[in-house]
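Worksheet for the structure shown next.
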Amino acid sequence: MASAAAKQAPKNASKTTTGATGAAGVSGGPPIMPLASPLMGKKKKPFLGMPAPLGYVPGLGRGATGFTTRSDIGPARDANDPVDDRHAPPGKRTVGDQMKKNQDDDDEDLNDTNYDEFNGYAGSLFSSGPYEKDDEEADAIYAALDKRMDERRKERRELREKEEIEKYRMERPKIQQQFSDLKRKLAEVSEEEWLSIPEVGDARNKRQRNPRYEKLTPVPDSFFSKHLQSGENHTTVDPLQGENHFSMLGGLNTPYPGSMTPGLMTPGTGELDMRKIGQARNTLMDMRLSQVSDSVSGQTVVDPKGYLTDLNSMIPTHGGDISDIKKARLLLKSVRETNPHHPPAWIASARLEEVTGKLQVARNLIMKGTEMCPKSEDVWLEAARLQPGDTAKAVVAQAVRHLPQSVRIYIRAAELETDIRAKKRVLRKALENVSKSVRLWKTAVELEEPEDARIMLSRAVECCPTSVELWLALARLETYENARRVLNKARENIPTDRHIWITAAKLEEANGNTQMVDKIIDRAITSLRANGVEINREQWIQDAEECDKAGSVATCQAVIRAVIGIGIEEEDRKHTWMEDADSCVAHGALECARAIYAHALQVFPSKKSVWLRAAYFEKNHGTRESLEALLQRAVAHCPKAEVLWLMGAKSKWLADDVPAARSILALAFQANPNSEEIWLAAVKLESENNEYERARRLLAKARSSAPTARVFMKSVKLEWVLGNIEAAQELCTEALKHYEDFPKLWMMRGQIEEQCESMDKAREAYNQGLKKCPHSVPLWLLLSHLEESVGQLTRARAILEKARLKNPQSPELWLESVRLEFRAGLKNIANTLMAKALQECPNSGILWAEAVFLEGRPQRKTKSVDALKKCEHDPHVLLAVAKLFWSERKITKAREWFLRTVKIEPDLGDAWALFYKFELQHGTEEQQEEVRKRCENAEPRHGELWCAESKHVLNWQKKTGEILAQVASKIKNTF
């Protein structure tokens with residue numbers, strides 16, 4: 001310690017010395033000169049007096065950066081501490097939340113997992129950088145480009161999205177669609193059943209939910225008489241009291257006699273005999289019943305139902321309740337008092353009283369209305385309606401005195417008269433006062449005999465020269481010469497009406513002057529145009545249709561010829577005229593349609609389509625002679641139109657004029673040498689008439705001069721049906737050398753081998769045909785049937801699967817696969833295949849029709865609705881719905897759907913066969929005959945059941961009606 005002190009002493013001493021010296025220097029002593037330094041001789045740096053450069057941080061170059069201590073930022077805070085802002089939103093109320101948010105905002109996720117080769121990073125790489133004006137312009141340009149590209153792809157994208165949504169809905173239907181059949185049954189729920197459904201979440205207790213009606217028990221008369229005598233007054237019975245003990249508080253009472261108003265409830269002021277009241281009530285009922293009973297004692301003729309009906313008739317049958325009627329009565333009374341000269345108020349008041357059953361009050365009100373509004377026609381007519389017969393006549397007479405020019409009152413007066421003479425008298429009196437009324441003249445003329453009517457009409461047209469109806473009526477009653485004069489006068493008075501001209505043309509036609517009809521119609525068009533009348537083509541065609549229905553054929557055709565070309569561009573003439581002809585046919589105006597076709601053929605003589613339309617019109621609505629005459633003209637103008645030649649030949653053949661048919665086909669050969677259709681038509685003509693040798697020669701000649709696959713097919717078919725199997729096989733082999741890609745030849749070869757029971761050869765023929773024609777669906781089906789017929793179900797199934805791979809989206813192949821499994825008894829597999837088929841071919845009618853009957857009976861109706869949604873106008877679906885109604889014994893609906901089916905597709909033979917079978921079971925002979933005739937006219941050629949019979953070798957010469965009966969006989973009601 002001593003040594004330490006000794007050491008410290010010199011230091012303190014030196015400090016003291018130094019301090020003293022400094023003090024001396026300050027006090028004014030001589031300055032002490034500093035020691036010389038080696039730095040004193042150097043030059044001063046030039047930057048020492050200058051400001052620091054921008055961004056300069058002292059010490060940054062040597063790593064001496066500044067740092068922040070806790071004293072600078074305050075005490076440390078935990079992550080769970082609340083922030084200073086008391087109103088911070090959720091997620092930012094703690095220090096940790098805000099730190100995490102700031103870190104998320106600052107740090108960009110540039111990890112490889114967030115990188116895409118096409119789109120780049122998911123976020124923006126430059127989100128932390130400044131957003132300048134050029135960035136904004138670039139973003140606007142890119143946004144405009146994106147919008148433009150999006151608009152270009154919009155339609156395609158929306159279509160794709162729609163298809164995806166439909167596919168998704170089909171695979172995963174909504175619950176609402178799954179219960180659609182149950183929702184349809186809600187239509188059958190009655191109002192009582194609907195109201196009996198309990199409300200959801202009803203919180204009331206059982207007594208509140210099921211209130212019981214209050215039971216009222218009638219009190220005997222002895223009870224009232226007893227308590228009237230005892231001097232107690234009760235309006236209710238106290239259940240807490242005994243039989244003979246009633247509290248004074250049990251009801252309203254009067255403690256002192258006479259303190260209430262004298263009446264029945266005041267004891268001591270009167271006596272009430274309840275027995276007498278009962279007797280009076282019975283007497284009143286006896287009086288009521290005696291009004292409807294006879295005079296024989298003990299025998300009554302009272303009808304209980306009639307009595308109740310009479311009572312109901314006494315109750316006013318109005319729509320509103322009594323309070324509404326009182327309000328309406330009060331309002332109408334206010335209207336009448338405010339404006340007593342307002343006719344609708346009186347009419348409404350009278351009708352209100354009439355509706356409520358107060359007829360006399362209504363009559364009194366309306367009569368008062370006639371006094372207040374004597375010039376109102378409506379009030380007088382309402383008064384005449386409400387009053388009985390004789391009184392109504394008096395009212396009308398009074399109305400005539402006030403309104404002598406009212407036509408409606410005169411008409412009402414005539415209606416009130418029951419005698420014809422009185423009616424005539426009233427109307428003639430009316431015509432003296434109102435001679436310009438067309439309605440009065442027409443009413444008066446209708447009551448007269450023809451001669452008197454003619455005289456009256458002569459006067460009527462003088463008084464009403466502008467009435468077309470009166471002029472035309474007079475012309476109908478006059479003789480021919482006088483009618484012509486009348487119509488000429490009518491044209492002078494009314495130069496702008498077309499009906500007068502048309503009537504004049506009909507008059508000339510009726511009297512045999514048909515050559516004048518066209519002149520009159522042409523002059524009519526010219527005159528009407530000169531008088532500024534616009535020629536409305538539709539109106540004139542409608543007038544022509546009326547002439548057609550009236551039997552004026554020449555006038556009808558003249559009108560059509562005159563106006564058919566008015567207001568139509570040259571390019572639209574053919575299309576418009578064909579539409580007009582179809583419209584006339586639909587309206588039943590056949591002569592108008594015939595005139596339109598005739599005019600169109602004059603304008604377009606070389607148009608094959610117009611000739612065809614006209615020929616089909618004559619075939620459906622004309623005679624055989626008119627059809628043949630038209631076809632002769634047609635082939636003269638269009639000699640290259642094979643179908644016209646064939647129609648002419650068929651018409652002759654159907655008329656059993658075979659030589660004429662042959663001559664027509666000979667002419668057709670000259671015009672169309674080597675035409676396949678004409679060759680085959682000639683062969684059919686000869687074969688149908690049992691001229692087999694001539695048919696063979698024709699086919700041989702056709703094979704040499706015009707060899708086609710169809711000619712060879714018909715040659716094979718002829719030999720096959722005639723029983724020459726070897727010749728048919730030889731021809732088939734020869735044909736396949738030239739036309740190996742024609743599938744029908746392979747089919748015929750296989751079927752011939754099947755008929756000969758050579759299954760191996762038939763299988764070989766089908767397999768060879770499928771190698772050449774892999775896309776022929778009938779060939780696949782024939783091979784499958786062959787394998788199934790020999791018991792090879794597995795092979796048949798494999799063949800159909802292979803066929804579906806070769807021919808995707810083929811509903812026929814899917815249908816056969818489903819039926820194969822169904823015939824094998826594997827219904828579950830059939831249903832699974834049907835579901836796959838409907839996914840691949842969602843719009844196939846034959847698949848939906850089969851799917852309906854694969855379901856059980858309860859689900860068929862729902863399935864049929866789904867089928868109609870997908871294939872609304874498919875004939876197979878419509879036929880399935882008809883069969884469904886047939887199976888449910890809904891005869892009328894089934895017939896409607898059968899008619900709809902054959903109307904949409906008359907070429908479907910199965911529909912005709914099922915329809916005929918249906919009528920055989922449920923229809924009359926007339927209905928059966930109608931179906932048969934319609935089927936023969938339609939000549940169907942397609943249909944699974946139909947083709948199986950019509951193309952069978954044994955049925956090759958049968959007519960349509962015979963095939964129809966044969967197909968119908970093989971149909972069994974297994975559905």
Side-chain angles (χ1 to χ4, degrees), residues 642 646 675-684 687-688 695-696 698-700 702-704 706-756 758-759 761-787 789 799-800 802-803 806-807 810-813 815-816 907-910 939-958 963:
E642 299 173 0
L646 296 178
S675 170
E676 177 189 275
E677 292 291 339
I678 296 174
W679 277 112
L680 295 180
V683 170
K684 184 177 181 181
S687 61
E688 290 286 346
R696 282 194 179 104
L698 283 171
L699 282 170
R703 289 197 302 273
S704 60
T708 63
R710 281 191 70 204
V711 170
F712 273 101
M713 183 190 72
K714 293 293 183 183
S715 303
V716 176
K717 182 72 178 291
L718 180 63
E719 299 297 339
W720 185 13
V721 298
L722 292 177
N724 301 327
I725 302 297
E726 294 181 0
Q729 289 175 335
E730 291 175 1
L731 280 171
C732 193
T733 305
E734 181 185 354
L736 287 172
K737 291 178 183 178
H738 300 90
Y739 305 100
E740 61 181 10
D741 58 344
F742 191 63
K744 288 188 178 182
L745 291 173
W746 293 106
M747 292 182 214
M748 293 174 72
R749 183 172 184 176
Q751 287 172 334
I752 291 172
E753 297 296 346
E754 278 191 64
Q755 185 178 341
C756 298
S758 301
M759 297 302 176
K761 292 183 179 180
R763 185 183 294 113
E764 183 183 356
Y766 292 144
N767 284 321
Q768 288 180 357
L770 287 172
K771 288 178 183 177
K772 303 294 183 182
C773 312
H775 299 295
S776 174
V777 174
L779 260 178
W780 289 104
L781 296 178
L782 285 171
L783 181 56
S784 171
H785 289 159
L786 175 64
E787 299 295 350
S789 64
I799 288 169
L800 288 173
K802 186 177 179 182
K806 295 277 187 181
N807 302 279
S810 174
E812 292 83 5
L813 293 172
L815 180 62
E816 183 57 31
D907 194 45
L908 185 62
D910 291 1
E939 295 182 356
R941 296 182 180 276
H942 295 91
E944 186 178 2
L945 303 174
W946 185 271
C947 290
E949 294 298 324
S950 63
K951 294 190 177 182
H952 197 276
V953 179
L954 301 177
N955 302 329
W956 71 286
Q957 279 188 317
K958 289 188 177 179
I963 295 174

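Worth saying up front: this structure is predicted, and the values here are computed from it rather than measured. All heavy atoms count here, side chains included; hydrogens, waters and symmetry mates do not.
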The reported gap from CG in Asn955 to CD in Glu949 (rounded to nearest 0.5 angstrom) is 5.5 Å
Rounding to 0.5 Å, atoms CD1 (Ile963) and NE2 (His952) come to a distance of 12.0 Å
Is any side-chain heavy atom of [Y] closer than 4.5 Å to one of [X]?
| X | Y | result |
| --- | --- | --- |
| Arg696 | Asn724 | yes |
| Lys744 | Arg710 | no |
| Arg703 | Leu731 | yes |
| Leu718 | Lys714 | no |

Here the salt bridge (Lys or Arg N to Asp or Glu O under 4.0 Å) pairs for residues 775-784, sequence neighbours left out, are none
Using residues 733-743 as the side-chain source, report each donor-acceptor pair under 3.5 Å to any protein atom, sequence neighbours left out, with the distance given to one decimal.
residue : atom : partner : partner atom : Å
Thr733  : OG1  : Gln729  : O            : 2.9
His738  : ND1  : Glu734  : O            : 3.0
Tyr739  : OH   : Pro707  : O            : 2.9

So, for [X] and [Y], which heavy atoms are closest and what is the spacing to 0.1 Å?
| X | Y | result |
| --- | --- | --- |
| Trp720 | Met748 | CE3-CE, 4.1 Å |
| Leu908 | Gly943 | CD1-CA, 3.9 Å |
| Met747 | Leu782 | CG-CD1, 3.6 Å |
| Gln755 | Ile725 | NE2-CD1, 4.4 Å |
| Leu945 | Asp910 | N-OD1, 3.0 Å |
| Val711 | Ala702 | CG1-CB, 3.8 Å |

Could you give the side-chain donor-acceptor pairs of residues 771-780 under 3.5 Å, partners two or more places apart or in another chain?
residue : atom : partner : partner atom : Å
His775  : ND1  : Asn807  : OD1          : 3.2
Trp780  : NE1  : Pro774  : O            : 2.8

| request: Taking atom types as modelled, find out whether Glu764 and Gln768 have a side-chain donor-acceptor pair closer than 3.5 angstrom. | output: yes
With a cut-off of 6.0 Å (strictly less than), are more than 12 heavy atoms of other residues, nucleotides or ligands near CD of Gln957?
yes
Next item on the list: Might you confirm whether atom NZ of Lys958 has over 12 heavy atoms from other residues, nucleotides or ligands at distances under 6.0 Å?
Entry: yes
Result for side-chain contact (heavy atoms from CB on, under 4.5 Å) between Tyr766 and one of Arg749, Glu787, Gln751 points to Gln751
Sorted by chain and residue number, the side chain to side chain contact (heavy atoms under 4.5 Å, CB included) partners of Ser758 (sequence neighbours excluded) come out as Glu753, Cys756, Lys761
Across all chains, not counting sequence neighbours, the side chain to side chain contact (heavy atoms under 4.5 Å, CB included) partners of Leu815 are Arg819, Ile846, Leu847, Glu850
Hits for salt bridge (Lys or Arg N to Asp or Glu O under 4.0 Å) against Glu642, two or more places apart or cross-chain, chain-then-number order -> none
